[in-house]
Amino acid sequence: MNNSTRRQFLSQSLALTAAPWVSKLPAAPSKTLSLACIGVGGHGNGYNMPSFMRENDCRVVAVCDVYKPRWEQALAKVNEKYGDKDCQGYGDFREVLARKDIDAVVISTPDHWHVPISMAALETGKDVFCEKPTLTIAEGRKLEEAVKKHGAVFQAGLEDRSITAYHLLCEAVRNGKIGQLGHIDVELPVHSKVYIEEKQKPPTGLDWNMWLGPAPWAEYSPQRFDWMGWRMMRDYSGGILTDWGAHIVDTAQVGNFAELSGPVSIEGKGEIPEGVMNTAKQTFDITYTYGNGVTMRVKSGGVRLHFQGSEGWCGNKGWRGAPEAHDKTIFKADYTQNKMWPRPVGEHRNFLDSVKSRQRTTYTAEDLHRLSTTLHLGAIAMELGRKLDWNPDTEAFTNDCEANRLRSREARDWAAGA
């Protein structure tokens with residue numbers, strides 16, 4: 001691609017993609033929004049719920065978790081914050097969704113429950129703030145279609161688009177400050193091994209059948225219930241690839257103008273150690289190729305993002321690491337024609353503004369689906385052990401029935417028990 005063609009490409013891409021990222025939210029009305037927090041474990045009780053409670057135009061009126069000690073702890077925190085006992089605690093999210101006085105739900109459950117609860121909430125007319133990622137490719141598209149059908153506001157709990165370092169990197173790359181982008185390197189940390197342990201009786205107050213939900217039946221064990229364990233099991237999550245990968249790969253794809261499309265071919269390999277409960281790959285090395293010729297390598301080892309262009313490079317190391325480049329002055333330019341997302345507005349504030357204005361959030365269901373799809377493609381390529389060709393428009397593998405079957409999974413009838 002010569003310089004003239006590259007400039008045309010950038011100009012056209014900016015015109016097509018810059019507008020949706022601009023924050024044009026009107027002044028919010030005075031109504032206090034009623035929120036329900038579903039899933040109040042570590043991230044729900046420690047991050048999402050407190051973040052919303054810091055805002056003055058919303059109020060947490062319900063907390064819900066399948067483990068009673070957790071919702072009791074969250075309930076006490078809410079009541080202490082507001083100085084009353086108006087908040088209610090639940091063990092079944094269906095009771096929460098039945099309440100007509102709740103405007104929106106905040107979902108911080110394990111990954112396998114993200115889409116099912118979101119879909120149920122949408123059916124009851126509620127707006128949704130939900131953690132990333134999806135569990136399968138197919139359910140992500142169904143979620144996006146449901147959001148559109150109900151005219152709902154959806155925000156994925158992914159903070160990267162509100163972090164200055166990632167914003168600066170993407171603006172520089174998208175505006176051609178490293179020349180023509182050719183390759184992206186992404187490094188993700190290695191998760192702890194989940195060693196095999198004997199099955200135990202679930203602790204008092206835990207509805208184990210509901211925790212499993214749509215996932216296959218499995219006997220309780222402490223590590224399966226703990227996020228350090230379920231995160232590495234394919235029945236509930238996609239491992240570090242879909243966890244940390246959701247953060248770093250999102251920025252990588254935004255920099256490549258690929259956040260609403262995806263790769264066209266994928267190949268990779270990964271390993272699971274012996275003697276562990278892990279079913280998601282412990283270590284991995286995946287190469288993605290995009291329609292514009294850009295390649296992206298995602299491998300385990302650390303936390304790093306590196307954009308390599310024809311005229312320079314930029315990137316960072318570590319979570320929220322300071323932007324680095326061949327020339328740091330590229331981060332000082334005012335890229336007024338490519339404001340990709342509101343900054344420094346966080347995802348929680350942005351969600352509340354969008355609920356009131358009915359405008360686009362920073363990170364929609366479509367964004368979540370496209371990003372999660374890219375990560376799921378890597379997992380499928382490793383599972384099958386061969387290069388796969390993918391069509392981002394039809395969202396199907398080319399001439400590969402086996403791979404296409406892996407886009408979805410059969411859900412267990414959890415309401416009927418084991």
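Being a predicted model, the structure only gives us computed values, none of them experimental. Computed from heavy atoms alone, side chains included, the values below leave out hydrogens, waters and symmetry copies.
With respect to E366 and R141, a salt bridge is recorded, a charged nitrogen being found less than 4.0 Å from a carboxylate O.
Shown are E139, E144, K142, E395; of these, the side chain to side chain donor-acceptor pair (under 3.5 Å) with H369 is made only by E395. Evaluated for a side-chain contact (heavy atoms from CB on, under 4.5 Å) with V128, the options V106, I107, L143 yield exactly one hit, I107. Here the rule is side chain to side chain donor-acceptor pair (under 3.5 Å) with R297, and of D285, T287, D185 only D285 fits it.
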Exercise. Could you give me the CA-CA distance, side-chain angles and deciding distance for M53 and Y82, then say whether side-chain contact (heavy atoms from CB on, under 4.5 Å) is met?
Key: CA-CA 9 Å; M53 288 197 298; Y82 298 131; 3.6 Å; yes

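Atom CG in D327 sits 12.5 Å away from atom CD1 in I178 (nearest 0.5 Å). Atom CD1 of I38 sits about 11.5 Å away from atom NE2 of H114, to the nearest 0.5 Å. The OH atom of Y220 sits 6.5 Å away from the CD atom of Q200 when rounded to the nearest 0.5 Å.
Between the side chain of N278 and the backbone N or O of I272 there is no donor-acceptor pair closer than 3.5 Å.
Looking only at atom types and distance, the side chain of H348 has no donor-acceptor partner in the side chain of E55 under 3.5 Å away. Judged purely by distance below 3.5 Å, without hydrogens or angles, the side chains of H112 and D235 never pair a donor atom with an acceptor atom. For the residue pair Y290 and Q253, a side-chain donor N or O sits within less than 3.5 Å of a side-chain acceptor on the partner.
In this structure, W319 has its ring center closer than 6.0 angstrom to the ring center of H247.
Between M296 and V186 the shortest side-chain heavy-atom distance falls below 4.5 Å.
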